[in-house]
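Working notes, beginning with the structure itself.
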Amino acid sequence: MNTKPHPDSSLIDAFGGTLKMAEFFEITTGAVSQWRVNGMPKSRKKTLRFARPKVYRAWEMSTKEPANV
């Protein structure tokens, strides 16, 4: 089992953490926790890009490679 954090985990942290992300998308914290390992669905990342552009851009700038969205 892969338990190494996915790079998207830092986006979840930048947004405010697992609980805030789960509340925003109206999903379980368990689902968001899985994103920390497997990565976020592209559609959810696109939503964040438009709903919270400052957070998304700051995260994108902090990653070494451009986000694939």
Side-chain angles (χ1 to χ4, degrees):
M1 183 164 106
N2 182 14
T3 57
K4 183 179 177 187
H6 189 278
D8 292 348
S9 183
S10 60
L11 177 56
I12 296 167
D13 292 335
F15 189 78
T18 302
L19 181 60
K20 290 220 184 246
M21 183 76 72
E23 289 173 344
F24 178 78
F25 285 114
E26 298 180 345
I27 59 174
T28 66
T29 55
V32 176
S33 294
Q34 285 298 308
W35 294 352
R36 290 185 177 277
V37 176
N38 301 322
M40 291 178 68
K42 286 184 180 183
S43 61
R44 301 294 189 164
K45 286 170 76 173
K46 284 182 181 181
T47 300
L48 286 180
R49 187 173 71 192
F50 292 105
R52 300 290 192 275
K54 289 181 182 178
V55 172
Y56 190 88
R57 263 184 289 203
W59 168 77
E60 195 172 37
M61 297 297 285
S62 73
T63 60
K64 295 190 188 269
E65 51 190 294
N68 294 322
V69 176

Do Trp35 and Asp8 have side chains that get closer than 4.5 Å, going by heavy atoms? no
Could you check whether any side-chain N or O of Ser9 sits under 3.5 Å from a backbone N or O of Pro5, counting only pairs where one atom can act as donor and the other as acceptor? no
Between Arg52 and Thr47, do the side chains contain an N or O donor and an N or O acceptor separated by less than 3.5 Å? no
Euclidean distance, Ile27 CD1 relative to Gln34 CD, rounded to 0.5 Å: 11.0 Å
Shortest non-hydrogen contact from Thr18 to Ser33? CG2-OG, 3.9 Å
What closest approach, in Å, do Trp59 and Ser10 show between heavy atoms, and which atom pair accounts for it? NE1-OG, 2.8 Å
Which heavy atom of Ala51 sits nearest a heavy atom of Phe24, and at what distance? CB-CZ, 3.6 Å
Ile12 and Arg36: which non-hydrogen atoms are nearest, and at how many Å? CG2-NH2, 3.2 Å
Of all heavy-atom pairs between Val37 and His6, which one has the smallest distance, and what is that distance? O-CB, 3.6 Å
If you round to the nearest 0.5 Å, how far is NZ of Lys45 from CD of Glu60? 9.0 Å
For Leu48 and Phe15, which heavy atoms make the closest approach, and how far apart are they? CD2-CE1, 3.5 Å
